[in-house]
Protein chains: 2
Amino acid sequence: MQPTTVMPPMDELRKVFREAGLSLTHQRVVLYRAVLEMRSHPSPEAIYERVRDEIPSISLGTVYKNIRAFMDAGLVREVSPHHGTLRLESNLEEHHHLVCTRCKAIVDLEESDLEPVRLRRELPGGFRVDRYSVEFRGLCAACSAKPDLS
Amino acid sequence: MQPTTVMPPMDELRKVFREAGLSLTHQRVVLYRAVLEMRSHPSPEAIYERVRDEIPSISLGTVYKNIRAFMDAGLVREVSPHHGTLRLESNLEEHHHLVCTRCKAIVDLEESDLEPVRLRRELPGGFRVDRYSVEFRGLCAACSAKPDLS
DNA sequence: TATTAAACGATAATTGTTATCGAAAAGTCA
DNA sequence: TGACTTTTCGATAACAATTATCGTTTAATA
Ligand SMILES: [Mn+2]
Ligand SMILES: [Mn+2]
Ligand SMILES: [Zn+2]
Ligand SMILES: [Zn+2]
């Protein structure tokens, strides 16, 4: 059972946006609700398609701009810190990763560096697992030394 | 200590490429060796920069083509299956992912679905971890039903 | 070495994303 | 509420990462 994300009512949304420093527009409300409802980790395109039912005149640029605003405000995240460019893996051994979210560095962690991951239940509906790996996200030494020039 | 990737000598390379169905070209040899040496999970651009020292006339297109060929042959992999496009995460709880490498579907796994991940050693040099998550890669039910139309 | 198939380099095309800008809507405060 | 200021919107241009095209060069085969 998924943790039920209650769809925030209008006055709750007003507060959320206020605290995020985002003024409340119709497009934003519809976009935010759409993203919260879609539990499929949607792409900008997928959100665009979905939201066009409600606001046919909305522009793809507006979708991107607001997604970015939501991310900057911490209302949503991106699934992968490497979505911008392909990164190659030449280490074919089973292993794990340490990922710096600032400089995008990726460092290997040997499989033997951690205890084997153990599932407590069956995986949902017939998913066939090839491999798994653990991703530790954070800041590398160099990046956490530098000031947060956001 | 990293598992030392021995740089394959020429006759070993000849065999690797033969088995992968790739004819042996100078560009390929240099590219493959570069990727194996670079343990930083390099981007195509980074590989390009590196290889230009040895083959100044090489084209970025050739880098992309051969990376693709290496991936198709299973000689290297891509770090993230979602590097093509941004995917949004609206579930701010700690959780994990089931990822279908065919259709790119991403399904949440609750934190409580697996035993906590435990490290056996200290993390290398001052890395500060914000969060971690486990990614299970494989084929979803729908995709593993369908034939492999590659 | 001649023939054939595959790969290369240059460059055009595509795709995902961001920037620009005038018009429209939202925030502010009397 | 209305005048004024600030922000956002939609349209579209610009960019960046990646793939496709194509004539030339190189490798595989015998
Ligand atoms: Mn790795
Ligand atoms: Mn998720
Ligand atoms: Zn870093
Ligand atoms: Zn699938």
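Chain naming here is simple, since letters A, B, ... match the order of the sequence lines and numbering starts at 1 in each.
The listed nucleotides are C/dC8, C/dA10, D/dT7; the one nearest the side chain of A/Ser23 is D/dT7. With distances taken from any side-chain atom of A/Lys65 to the nucleotides C/dC8, D/dA11, C/dA26, the minimum falls on D/dA11. In this structure, the nucleotide among C/dA7, D/dG10, C/dG9 sitting nearest to the side chain of A/Thr62 is D/dG10. Side-chain proximity of B/Leu60 to the nucleotides C/dA7, D/dT18, D/dT8 is greatest for D/dT18. Candidate nucleotides D/dT18, C/dC8, C/dA10 were compared by shortest atom distance to the side chain of B/Arg28, and C/dC8 ranks first.
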For the pair A/Leu109 and A/Leu114, evaluate side-chain contact (heavy atoms from CB on, under 4.5 Å) and give the outcome as yes or no after the intermediate values. CA-CA 9 Å; A/Leu109 256 160; A/Leu114 34 66; 5.6 Å; no
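Taking for each of B/Ile55 and B/Thr85 the nucleotide of DNA chain C with the nearest heavy atom, the 5'-most of the two is the partner of B/Ile55. Nearer the 5' end of DNA chain D, as judged by each residue's closest nucleotide, is the contact made by B/Pro44, out of B/His26 and B/Pro44.
At least one donor-acceptor pair closer than 3.5 Å links the side chain of B/Asp113 to the backbone N or O of B/Glu110.
For C/dT17, neither phosphate oxygen OP1 nor OP2 lies less than 4.0 angstrom from any side-chain nitrogen or oxygen of A/Arg68. Contact between the side-chain N/O atoms of B/Gln27 and the OP1/OP2 oxygens of D/dT26 is not found at any separation under 4.0 Å. Taking side-chain N and O atoms only, B/Thr25 has a distance below 4.0 Å to OP1 or OP2 of C/dC8. Note on A/Tyr64: every side-chain N or O is 4.0 Å or more away from OP1 and OP2 of C/dT18.
The nearest whole Å value for the distance from the CD1 atom in A/Ile67 to the C1' atom in C/dT17 is 10 Å. What separates CD of B/Glu19 from P of D/dA28 is a distance of 15 Å, to the nearest Å. One can place CZ of B/Arg87 at 11 Å from P of C/dT17, the figure rounded to the nearest angstrom. A/Arg18 places its CZ atom 8 Å from the P atom of C/dG27, with the value rounded to the nearest Å. A/Leu31 places its CG atom 13 Å from the C1' atom of D/dG10, with the value rounded to the nearest Å. Between the CG atom of B/Asn66 and the C1' atom of D/dT19 there is a distance of 14 Å, rounded to whole Å. The separation between A/Leu24 atom CG and C/dG27 atom P is 6 Å, rounded to whole Å. Between the NE2 atom of B/His83 and the C1' atom of D/dA17 there is a distance of 9 Å, rounded to whole Å.
Within 4.0 Å of A/Ser57, counting heavy atoms only, lie sugar-phosphate atoms of the nucleic acid but no base atom.
Side chains of B/His95 and B/Glu89: a donor on one and an acceptor on the other come within 3.5 Å. Defined by atom type and a distance below 3.5 Å, a donor-acceptor pair is missing between the side-chain atoms of B/Asp108 and B/His96.
Rounded to the nearest 0.5 Å, atoms CZ (B/Phe136) and CG (A/Leu119) are 4.5 Å apart.
Stacking of B/Arg52 on the aromatic ring of B/Tyr48 is recorded, both the 6.0 Å distance cut-off and the 45° axial limit being met.
The aromatic ring centres of B/His82 and A/His41 sit 6.0 Å or more apart. Aromatic ring centroids of A/Phe17 and A/Tyr32 lie under 6.0 Å apart.
Remark on the helix from C/dT1-D/dA30 to C/dA30-D/dT1: inter-end axis angle 50°, axes from five-pair C1' superpositions, rounded to 10°.
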